[in-house]
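Numbers restart at 1 for each chain; the letters A, B, ... are given by sequence-line order, proteins then strands.
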2 protein chains.
Amino acid sequence: MNAPPDSPLLALQRATHATLHVLATELADLGLTAAEINALANLADGRPHTASELAAAVGSRPTTLTSVVDRLERRGHVTRGPRPGDRRAVQIELTDSGRAAAVTISEAVAGLERRALDGLSPAAVDGFHQVVRALTEVRA
Amino acid sequence: MNAPPDSPLLALQRATHATLHVLATELADLGLTAAEINALANLADGRPHTASELAAAVGSRPTTLTSVVDRLERRGHVTRGPRPGDRRAVQIELTDSGRAAAVTISEAVAGLERRALDGLSPAAVDGFHQVVRALTEVRA
DNA sequence: CTGCGATCTCGTAGTATCCGATATCGTAGA
DNA sequence: TCTACGATATCGGATACTACGAGATCGCAG
C-alpha cells in the first residue's frame, strides 16, 4: 500500500489525525477533548501564557481559544488573570490539577513519540523537524 | 523562536493547522471547507474510492465522511454509486467539476510544498516521511 | 486627555466529529 | 435454499471546534 510517495501535506494531516486519536483514546480518563489536550500540552512547561501565545502555539485563533480555556477553567485546570504590567493581556496558568493533567498528557505524548520513533535515525527526526518547521512558516 | 526543541507531536499539529489555514485562504474561491479540500485532495488520483478507504486516507471515521461527501455530492463534485461486485460498498468518484476542483487543490498543495521545501535537502524530506509514517502507524 | 492600536471576550453561525442504531449486502454453513 | 453472521454505509442526535464581526478594556504616544 502507499505505492505513490504521497504528498507531504496529506501525510501530515493523516498523521495528525491518527496521533490525535491515539492520544484521545489513551487519555480518555481525563475527559478532555483534543483541543483541550493540545492546549494543556502547550502549557505543560509551567510558564504562564497569554491567549495569543497559546493560540499561536496550537495554531488557531484567539477567539477559538476562548471557549477551550473556558472549559478548562470551569474544570479547574487553569486560571485566568491579568498580566502584571499589561492588563489587556490575559495570563493563563495551570492550577495543581491542571499541572497534574499536563504531566499525564506529557507522559502520554512522550510515550507515543518514543514508541513511534524508536527505530528511526536521529537524522530522520532532524529532517522531520526541518520540514515541519518550514511548513509551519510558509505563507500564502 | 523555537528555543526549546519542542515535541514532535506539538510541532506536527501546529504545522497541520498552519498549512490548512494557508490552503483554505488560497482556495477560498472554491467555497470549500478544510475537510472537503482534504477529501478532494485524496480523491485527486482519479481512482474511485470507497467511503472506508477515503475515511482511512483522511484519518477520520466513515460516519464523519458521510456528511462531507453529502456536501460534495450536493455541489456536484462527486457521485456516489454502488461498487460493481459488492453493493455494500459505496464508490465515490469525481465528476468533471470535482476533477477540476481537485486539480486546483493539487496545484495549490504542490505549490505550497514547493515553496516550503525549496531549500531543504532530500534527506530531510525523506526523514520527514519516515517519521510521519511511523507516527501514523503507532498504536495505543 | 484624546485618539489609536493591541488584546481579549461575546454572540452567532456553520462544520466537524463521534456514538449508537439501523438498513443493506455478501458469504459461509446447515 | 435459507439462515446466521460479518462488513459497509447511512441516519439521528449530541457535543465540541472554528471562525468572523462587534464590543469592551487597556496601554501608549502625542
Side-chain angles (χ1 to χ4, degrees), chain A residues 13-14 16-25 27-28 30-40 42 48-75 77-93, chain B residues 13-14 16-25 27-28 30-40 48-75 78-93:
Chain A
Q13 307 206 4
R14 203 158 31 228
T16 299
H17 280 139
T19 52
L20 225 48
H21 202 258
V22 170
L23 261 192
T25 303
L27 298 173
L30 295 180
L32 297 171
T33 66
E36 292 162 4
I37 290 173
N38 200 346
L40 282 180
N42 277 284
H49 291 71
T50 66
S52 298
E53 284 172 2
L54 196 51
V58 304
S60 61
R61 300 279 176 284
T63 49
T64 303
L65 228 68
T66 297
S67 59
V68 176
V69 175
D70 276 350
R71 225 179 347 263
L72 288 176
E73 190 177 26
R74 215 175 308 131
R75 288 199 199 189
H77 285 334
V78 303
T79 57
R80 266 196 269 225
R83 176 166 68 178
D86 187 347
R87 308 252 287 265
R88 298 170 294 187
V90 168
Q91 208 167 31
I92 299 168
E93 252 174 307
Chain B
Q13 307 206 4
R14 201 156 34 228
T16 300
H17 280 141
T19 51
L20 223 50
H21 202 257
V22 170
L23 260 193
T25 303
L27 297 172
L30 295 180
L32 297 171
T33 67
E36 292 163 4
I37 290 172
N38 201 347
L40 282 179
H49 290 71
T50 67
S52 298
E53 286 171 359
L54 195 52
V58 303
S60 60
R61 301 278 174 285
T63 49
T64 304
L65 228 69
T66 297
S67 60
V68 175
V69 175
D70 276 350
R71 224 178 349 259
L72 287 176
E73 190 178 25
R74 215 176 309 133
R75 287 200 198 191
V78 302
T79 58
R80 267 196 268 224
R83 176 165 67 180
D86 187 347
R87 308 251 287 266
R88 299 171 293 187
V90 167
Q91 209 168 31
I92 299 168
E93 253 174 305

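A:Thr50 comes within 4.0 angstrom of the backbone, heavy atoms only, and of no base. Within the 4.0 angstrom heavy-atom criterion, base atoms lie near B:Thr63.
Remark: C1' of C:dA6 and CD of A:Glu53 are 14 Å apart, rounded to the nearest angstrom. Across the protein-nucleic acid pair, B:Arg71 atom CZ and C:dA16 atom P stand 4 Å apart, rounded to whole Å. Atom CD of A:Gln91 is separated from atom P of C:dT7 by 15 Å (rounded to the nearest Å). Taking atom CG of residue B:Leu54 and atom P of nucleotide D:dT8, one finds them 15 Å apart after rounding to whole Å. Look at CG on A:Leu32: it is 17 Å from P on C:dC18, rounded to the nearest Å. Atom CG in B:Asp70 sits about 13 Å away from atom C1' in D:dG12, given to the nearest Å. Distance, B:Leu65 CG to C:dA16 P: 10 Å, rounded to whole Å. Across the protein-nucleic acid pair, A:Arg74 atom CZ and D:dT15 atom P stand 13 Å apart, rounded to whole Å.
For the pair A:Gly59 and A:Gly85, both in contact range of DNA chain D, the more 5′-proximal nearest nucleotide belongs to A:Gly59. Positionally, the nearest nucleotide of DNA chain C for A:Arg83 lies more toward the 5' end than for the other of A:Arg83 and A:His17.
Taking 4.0 angstrom as the limit, B:His21 places none of its side-chain polar atoms (N or O) nearer than this to OP1 or OP2 of D:dT18. Dashed line: the shortest gap from a side-chain N or O of A:Thr64 to OP1 or OP2 of D:dT18 is not under 4.0 Å. Contact annotation: A:Arg80 reaches the phosphate of C:dT9 (side-chain N/O to OP1 or OP2, under 4.0 Å). At D:dA16, none of the side-chain N or O atoms of A:Thr33 fall inside 4.0 Å of OP1 or OP2 (strictly under the cut-off).
Nearest to the side-chain atoms of A:Ala89 among the listed nucleotides C:dA16, D:dT10, C:dT7 stands C:dT7. Among the nucleotides D:dG6, C:dC19, D:dA19, the one closest to the side chain of B:Arg61 is C:dC19. When distances run from any side-chain atom of B:Asp86 to the nucleotides C:dC10, C:dG26, C:dG5, the shortest one goes to C:dG26. Counting only heavy atoms from C-beta on, B:Val90 has its side chain closest to D:dT10 among C:dC18, D:dT10, D:dT25. Closest contact between the side chain of B:Arg87 and the listed nucleotides D:dT18, C:dA16, C:dG26 involves C:dG26.
Side-chain contact between A:Leu27 and A:Leu32 is absent, with no heavy-atom pair separated by less than 4.5 Å. Within the 4.5 Å cutoff, no side-chain heavy atoms of B:Leu30 are placed close to those of B:Glu36.
Between the CG atom in B:Leu54 and the OG1 atom in B:Thr64 there is a gap of 11.5 Å [rounded to 0.5 Å]. In this structure, CG on B:Leu72 lies 5.0 Å from CG on B:Leu40, to the nearest 0.5 angstrom. Interatomic distance, A:Gln91 CD to A:Asp86 CG, rounded to the nearest 0.5 Å: 10.5 Å.
Here the rule is side-chain hydrogen bond (donor to acceptor under 3.5 Å, both in side chains) with B:Gln13, and of A:Asn42, A:Thr16, A:Asn38 only A:Asn38 fits it.
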